[in-house]
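Side chains included, hydrogens not; waters and symmetry mates left out as well; all remaining heavy atoms used.
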Amino acid sequence: PSYAVGGQRIEGNTFRATPNGMRVLGVGDEVSIVRDNDFIDTFHAIGIYGPPLHFVGNRVTVEEPGRVPTSGHPASAILVSPQHTDCSGHVVAENTVEGHPGAIYVLAARGETCRDVEIRDNEIRVARVPVPPGWVIPVPPGEDPTMVGVPITLSTSDWTPPGAEAELAEGIVEGVVVQGNRVTLSLIHIS
C-alpha cells in the first residue's frame with residue numbers, strides 16, 4: 001500500500017557495500033533532497049519510486065565490484081520508476097557516477113507512466129566491469145571478459161507489476177529532459 005512521505009533531507013552520508021543504498025517509496029507532493037552523499041560498491045545506489053525527489057551532487061562509485069552484495073557486480077546506479085506516482089518532479093543532477101554498467105535508468109512497466117524527469121549536468125564515467133561469475137555470457141578465448149553498459153537509459157518494460165492485469169497497456173516514458181551530461185570512458189578496468 002502507498003503511504004504519505006516527502007520533505008526529507010538526506011545529506012553527507014556514506015552508503016558502502018549495500019544492495020540498495022536507498023529506496024524512496026510512497027506518495028506526496030513535498031520535495032525530498034538527497035545531496036552530497038557517497039554510494040560505494042552498491043548494487044543500486046538509489047531507487048526513486050515516490051514523491052518528487054532531487055538527487056543532486058552525489059558520488060556513486062565502484063571501487064571493488066566483488067564487494068557488491070548479492071551479485072558481486074553493480075547494476076544500475078540510479079533507477080527512476082513510477083510505482084505509486086508518475087515520476088513528475090524527479091531531478092537527477094550534478095552527480096558523479098563511475099563504474100556502473102548502467103548509470104541512470106528511467107523505466108516504466110506495463111500500465112505505468114513516468115514523465116517529466118530531469119537528468120542534467122551529471123558526470124558519468126563508464127568503466128569496464130568483470131562479467132559476474134555464473135552469468136551466461138559467451139566470451140571467446142582471448143577476448144576481454146568485461147562489460148560496459150549504457151550510461152543513460154529511457155525505457156519501457158514488458159514486466160507486469162504484481163497484482164496487476166496482464167493485459168495492461170505498454171508503459172509510457174515521456175517528457176524526460178536529458179541535458180548537459182558528460183559521459184567519458186575510463187581506461188581503468190575495475191576488477
*Return the set of residues passing side-chain contact (heavy atoms from CB on, under 4.5 Å) with P151 (not counting sequence neighbours), or none when no residue passes.*
I124, V126, V183
*Can you tell me how far the OG1 atom of T153 sits from the CG atom of L107, to the nearest 0.5 Å?*
9.0 Å
*When rounded to the nearest 0.5 angstrom, what distance separates CD1 in I10 from CD1 in I33?*
9.5 Å
*Compare all side-chain heavy atoms of E118 with those of V176 and state whether any distance is below 4.5 angstrom.*
no
*Taking it one step at a time, do V97 and I78 satisfy side-chain contact (heavy atoms from CB on, under 4.5 Å)?*
CA-CA 9 Å; V97 180; I78 302 161; 4.0 Å; yes
_I'd like to know if the side chain of S32 and the backbone of Q8 have a donor-acceptor N/O pair within less than 3.5 Å._
yes
*asked:* So V5 and P51, do their side chains get closer than 4.5 Å, heavy atoms only?
replied: yes
_Within this structure, what is the OG1-CD1 distance for the pair T156 and I172, rounded to the nearest 0.5 Å?_
9.5 Å
*Which value, rounded to the nearest 0.5 Å, describes the distance between N20 atom CG and I46 atom CD1?*
10.0 Å
*Rounded distance [0.5 Å steps], OH in Y105 versus CD1 in I152*: 12.0 Å
*More than 12 heavy atoms from other groups under 6.0 Å of CZ on R67*: yes
*Not counting sequence neighbours, list each pair that qualifies as a ring pair (Phe, Tyr, Trp, His ring centres under 6.0 Å) and has a residue in residues 15-43.*
F15-F39, F39-F55
*May I ask you to test the S81-C114 pair for a side-chain heavy-atom distance under 4.5 Å?*
no
*Donor-acceptor contact below 3.5 Å, side chain N181 vs main chain N122*: yes
Show the atom names and distances, to 0.1 Å, of all donor-acceptor pairs under 3.5 Å that link a side chain in residues 87-94 to residues at least two apart or in another chain.
{"from": "S88", "atom 1": "OG", "to": "D86", "atom 2": "OD1", "distance (Å)": "2.9"}
{"from": "S88", "atom 1": "OG", "to": "D86", "atom 2": "OD2", "distance (Å)": "3.2"}
{"from": "H90", "atom 1": "ND1", "to": "L53", "atom 2": "N", "distance (Å)": "3.2"}
{"from": "H90", "atom 1": "NE2", "to": "G50", "atom 2": "O", "distance (Å)": "3.3"}

*salt bridge (Lys or Arg N to Asp or Glu O under 4.0 Å): which pairs involve residues 15-35, sequence neighbours left out?*
E11-R35, R16-E63
*For residues P74 and G99, report the shortest heavy-atom separation together with the two atoms involved.*
CG-O, 3.8 Å
*Could you walk me through whether R115 and V173 pass side-chain contact (heavy atoms from CB on, under 4.5 Å), step by step?*
CA-CA 6 Å; R115 66 171 49 97; V173 174; over 6 Å; no
*Give a yes or no on whether a salt bridge exists between R110 and E112, defined as a side-chain N under 4.0 angstrom from a carboxylate O.*
no
*To the nearest 0.5 Å, how far apart are NE2 in H44 and OG1 in T18?*
10.5 Å
*asked:* Applying disulfide bond (SG atoms under 2.5 Å apart) as the test, list every pair that has at least one member in residues 37-69; sequence neighbours left out.
replied: none
*Flag side-chain contact, heavy atom, 4.5 Å: V80 against I104*: no
_Over all atoms of both residues, closest heavy-atom pair of P52 and G28_ = CD-O, 3.6 Å
_side chain to side chain donor-acceptor pair (under 3.5 Å) pairs, two or more places apart, involving residues 52-61_ = D36-R59, N37-N58, D38-R59, N58-N95
*Verdict with supporting geometry, H100 and T42, side-chain contact (heavy atoms from CB on, under 4.5 Å)*: CA-CA 9 Å; H100 279 263; T42 58; 4.2 Å; yes
*Can you hop from V178 to V106 via hydrophobic side chains spaced under 4.5 Å?*
yes
_Do L79 and V56 land in one hydrophobic cluster if side-chain heavy atoms of ILVMFWY residues count as linked below 4.5 Å?_
no
